[in-house]
Amino acid sequence: MYICLCKGIAEAEFWEIVSQHRGCPQAVKCAMELDESCCGRCNETVAYLIRDVSNCLIVDGSKEK
């Protein structure tokens, strides 16, 4: 599955970027090189996926304590 069609970023590459940038939305979007040339359709999906993975990290982290 592609996360961003304009930049050709597939799901596996997206998760690698998220991991490298620790889920920081601005850093992830910058690493994906999202700019004015993009259609913008992935913005909502990217935000949702980052929020979703951040929530999982919080839940998993609280279980370990």
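Side chains are part of it too, since the values below use all heavy atoms of this structure and drop only hydrogens, waters and symmetry mates.
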Straight-line distance of Glu16 CD to His21 NE2, nearest 0.5 Å: 9.5 Å
Ignoring hydrogens and angles, write down the donor-acceptor pairs under 3.5 Å from the side chains of residues 2-10, residues two or more places apart or on other chains.
unit_1	atom_1	unit_2	atom_2	d
Lys7	NZ	Glu33	O	3.2

Could you list the donor-acceptor pairs under 3.5 angstrom formed by side chains in residues 35-50, with sequence neighbours left out?
unit_1	atom_1	unit_2	atom_2	d
Asp35	OD1	Ser37	N	2.9
Asp35	OD1	Ser37	OG	2.4

